[in-house]
Amino acid sequence: MMKALGSSRLSRRRFLTASASLGIGTIAAPYVARADDPTLRITGWGGKWGEIMKAEIGPAFESEFKCKLQTDSAFPYLPKLQASSRSAPIYDVLHTNSNEQWAAAEMGLVEPKIDPKLVPNLADVYPYAVSDKIVGVSIFTSAIGLGMRTDKGYGPVTSWKELWDAKYNGVRGGYVIPVNSLGQAFLMMCGTLFGKGQTDLDAAYAALEKLKPIKIVDFTGAMEKMLLSGEVGLCVIHDSGIYRYDGQNQPTDFVSPSEGVLSLEQVLTITPGSKMKELANAYVNYMLRPEVQKRLAETVWYSPANKKVKLDAKYDAKLLTTPEKVSKLIQVDWKWYNERKDEIDQRVNRIFRA
Amino acid sequence: MSSTATTRPNGLALFILPSALLFALFFFLPIGLMALMSVLTGNPVVMPKVAFTNRHYARMIGDPYYLEVIWTTIRIGLVTTLVALLIGYPLAHWMARIKSRTGHALLLMAVLAPMLTGIVVRTFAWMTLLSDKGVVNQTLMSLGLISQPLKLMYTETGIVVGLVHIYVPFMVLTLTGVIGRIDERLEQAAENLGASPLRAFLEVTLPLSLPGILAGSLLVFALAISAYVTPILLGGFQIMTLPILIYQQISANFNVGFAAALGIVLLMISLLLVIAYNRALGLVSGQRELQ
């Protein structure tokens with residue numbers, strides 16, 4: 001009796017062992033439960049994109065393909081992929097802008113092209129989405145143009161060149177060119193506007209010099225806030241950055257300059273060392289499905305790459321949803337740009353220093 | 001007997017072991033790897049053919065732009081340290097000498113309160129004050145004192161203001177401990193011997209508080225030259241400092257080797273200035289042991 005009582009007594013060692021087991025079990029339970037599901041590691045934006053991916057698009061993919069999506073939305077992605085092993089990369093699918101995708105492809109971190117046999121929806125995309133200016137596939141694009149305040153009495157804006165008008169001194173907005181795709185694309189546009197073409201860097205540098213004083217930011221989100229607060233009156237921005245405030249009565253508008261709008265592509269690529277190639281291709285194909293494209297386009301105001309997508313009238317009127325509208329897009333030769341990036345960075349850093 | 005005694009492990013050494021391991025793992029190893037990366041053509045873990053090179057350092061020396069960035073970083077660090085010292089010293093002296101416990105507690109709370117808010121939040125607060133549409137400019141314009149907004153942000157002055165606000169508590173807390181340990185009777189003795197309060201302060205208190213000035217200044221300087229958030233937000237990317245350049249090289253140029261070289265230069269500058277500052281203050285105060 002005494003022995004039995006003694007053996008059931010809770011000793012400190014037993015208590016600690018039991019507590020540790022319980023703790024490890026609690027922490028590990030969700031992972032054990034999901035151990036059978038394959039995991040696809042992707043990158044993706046935060047904000048509204050992240051919200052709808054987490055709430056709807058991602059779970060629907062997980063349910064259909066019996067897998068888990070693990071999304072890294074902590075930018076920048078490429079240095080992390082660069083630091084990971086080529087044979088066991090940190091991501092299976094890399095979602096980022098075209099300039100970074102080109103850099104990744106040059107370093108051998110992503111496959112340069114998507115196989116149309118494995119991604120059937122590739123047959124339905126606009127030519128720009130798989131053009132020779134694109135690594136992988138562009139699933140959406142935004143139009144880079146000008147954003148303006150409509151309550152300051154500036155009058156109508158029709159050309160890129162109006163950004164150089166002295167009346168915008170002090171309220172002109174641009175980007176930190178070394179770190180921002182819009183800034184880099186705009187630099188190429190300056191070459192076209194004032195020189196012989198996108199690659200006329202001397203003309204672009206001279207134009208940037210004349211653009212001062214200018215307020216520069218690193219992310220489009222920061223530019224949106226500057227425009228909304230009235231810190232800037234006319235700025236370089238993508239259409240999504242203006243249209244996403246639709247219905248909120250903001251005194252802002254997007255201008256598609258007569259010289260054309262620049263393309264800001266949302267590109268997907270697959271990493272060569274991915275162990276989930278089949279699932280990765282399925283994900284790319286899924287993101288190009290008309291219903292997925294429509295839902296995302298109408299949430300974040302990105303123009304869908306799939307020609308078959310029919311958007312509601314409100315979105316259709318503003319986004320690039322027809323071959324005619326898409327033909328206005330100017331794509332940047334990122335391969336050419338990246339080969340000269342160090343030289344360009346040094347020069348623009350000098351131009352914009354206070 | 002004596003040989004047994006000398007080979008017996010020191011018990012105290014075991015207590016130092018965890019911190020020594022921690023220091024080796026999180027200080028020497030990363031810095032060693034950074035130094036190694038700065039003289040390699042790529043990352044040997046993921047790239048097959050990697051060789052030694054001096055090209056990252058040659059690029060830095062060969063282009064005056066990088067030297068300008070280094071000087072800007074040092075200049076911002078020095079000015080921030082000086083201003084933090086000028087603001088922090090009187091406050092620390094007051095805190096150390098105040099008789100009232102409540103007064104001391106209130107002053108301590110006032111110094112510590114800003115530290116309870118994150119650096120990003122505090123910097124954004126400065127942005128709302130200093131921007132063109134900010135409180136300062138709007139107030140001056142509404143009073144008719146200025147017609148165009150003053151350029152308070154996107155300047156080195158704006159960055160220094162933000163950094164000083166963030167780092168003054170580090171200076172004050174370091175100085176308070178040192179000044180508090182100075183025997184007040186030494187000042188009283190000086191005054192009894194005919195020295196004015198100012199002279200007693202300059203010839204007694206100030207030299208004795210030099211170790212605190214040294215420690216606080218080094219802390220603030222090290223923090224200021226390695227600051228990233230405040231220079232970016234208040235400098236609007238128009239004031240380039242080494243941490244911003246390092247981030248650009250990693251996040252947008254994917255050039256880890258050059259970023260590592262810049263990091264090593266930043267470290268070397270800090271070390272050299274620490275040694276120089278240490279020696280100078282040691283000579284001034286006559287406290288040779290500081291060296």
Side-chain angles (χ1 to χ4, degrees), chain A residues 75-89 99-100 103-104 106-109 169-171 173-181 183-184 212-219 222 225-226 228-233 273 338 341-354, chain B residues 33 37 42-43 45-48 55-56 59-60 62-66 68-69 72 124 127-128 130-134 137-138 148-151 153-159 228-229 231-241 244-259:
Chain A
F75 192 80
Y77 312 122
L78 206 46
K80 288 184 259 185
L81 183 61
Q82 194 184 10
S84 71
S85 161
R86 298 290 190 273
S87 56
N99 55 343
E100 292 207 323
E106 289 294 312
M107 288 188 275
L109 300 173
N169 285 354
V171 288
Y175 296 91
V176 184
I177 290 173
V179 300
N180 187 281
S181 307
Q184 292 163 16
K212 294 192 286 186
I214 183 170
K215 289 170 180 167
I216 55 174
V217 295
D218 51 349
F219 283 105
K225 288 179 182 68
M226 296 252 282
L228 292 172
S229 67
E231 279 280 318
V232 301
N338 286 343
K341 191 170 184 306
D342 278 337
E343 170 204 331
I344 295 171
D345 288 355
Q346 283 180 38
R347 187 66 185 268
V348 295
N349 277 339
R350 278 192 172 94
I351 290 172
F352 288 118
R353 70 182 161 187
Chain B
L33 286 174
M37 287 297 294
N43 183 351
V45 178
V46 292
M47 286 173 73
R55 73 177 184 213
H56 303 307
R59 179 181 168 187
M60 217 180 306
D63 190 336
Y65 174 70
Y66 298 111
E68 287 168 30
V69 172
T72 304
F124 270 111
M127 287 171 76
T128 62
L130 302 179
S131 68
D132 287 358
K133 301 276 176 192
N137 274 318
Q138 289 295 306
Q148 290 292 318
L150 297 174
K151 197 166 168 52
M153 259 177 67
Y154 312 131
T155 59
E156 276 188 35
T157 311
I159 296 175
Y228 173 75
V229 174
I232 272 221
L233 295 177
L234 290 173
F237 288 95
Q238 294 177 34
I239 312 288
M240 186 61 71
T241 61
I244 299 173
L245 196 59
I246 290 169
Y247 177 75
Q248 263 190 21
Q249 287 301 318
I250 289 176
S251 70
N253 294 56
F254 320 113
N255 192 343
V256 179
F258 187 54

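The chains referred to below are lettered A, B, ... by the order of the sequence lines, with proteins before strands, and numbering in each begins at 1.
Interface remark: Val179(A) contributes backbone and side-chain atoms alike to the contact with chain B (heavy atom separation under 4.5 Å). If you measure heavy-atom distances from Ile214(A) to chain B, the contacts under 4.5 Å come from the backbone alone. Heavy-atom distances place no part of Ser87(A) under 4.5 Å from chain B, backbone and side chain included. For Asp218(A), the parts lying near chain B are the backbone and the side chain together; criterion is any non-hydrogen pair under 4.5 Å. Only the side chain of Glu68(B) comes within contact range of chain A, with heavy atoms under 4.5 Å apart. For a residue to count as touching a neighbouring chain, one of its non-hydrogen atoms must lie under 4.5 Å from one of that chain's; by this rule Asp342(A) touches chain B with backbone and side chain alike. Residue contact with chain B, scored on non-hydrogen atoms closer than 4.5 Å, involves the backbone of Ala83(A) exclusively.
Atom CD of Gln82(A) and atom CG of Asn43(B) lie 8.0 Å apart (nearest 0.5 Å).
Listed for the Gln346(A) side chain is no donor-acceptor partner under 3.5 Å among the backbone atoms of Tyr66(B). The backbone N or O of Pro178(A) lies less than 3.5 Å from no partner atom in the side chain of Gln248(B), so there is not a single donor-acceptor pair.
When all heavy atoms are compared, the tightest approach of Phe254(B) to Leu78(A) is CZ-CD2, 3.2 Å. Heavy-atom minimum distance, Lys215(A) versus Tyr154(B): CG-CE1, 4.0 Å. The two atoms that bring Ser251(B) and Glu100(A) nearest to each other are O-OE2, 3.9 Å, heavy atoms only.
With contacts defined as side-chain heavy-atom distances shorter than 4.5 Å, the pair Ser229(A)/Lys133(B) does not qualify. Using a 4.5 Å heavy-atom threshold, the side chains of Tyr65(B) and Arg353(A) count as touching.
Open room surrounds NZ on Lys225(A); 12 or fewer heavy atoms of other groups in view lie less than 6.0 Å from it. Within 6.0 Å of OH in Tyr228(B) there are more than 12 heavy atoms belonging to other residues, nucleotides or ligands.
The most heavy-atom pairs under 4.5 Å with chain A, out of Met240(B), Met153(B), Arg59(B), come from Arg59(B). The residue among Arg86(A), Glu231(A), Lys341(A) with the most heavy atom pairs within less than 4.5 Å of chain B is Glu231(A). No other option in Gly230(A), Pro213(A), Ser85(A), Gly170(A) has as many heavy-atom pairs under 4.5 Å with chain B as Gly230(A). With respect to chain A, the highest number of heavy-atom pairs below 4.5 Å among Thr72(B), Asp132(B), Val69(B) belongs to Asp132(B).
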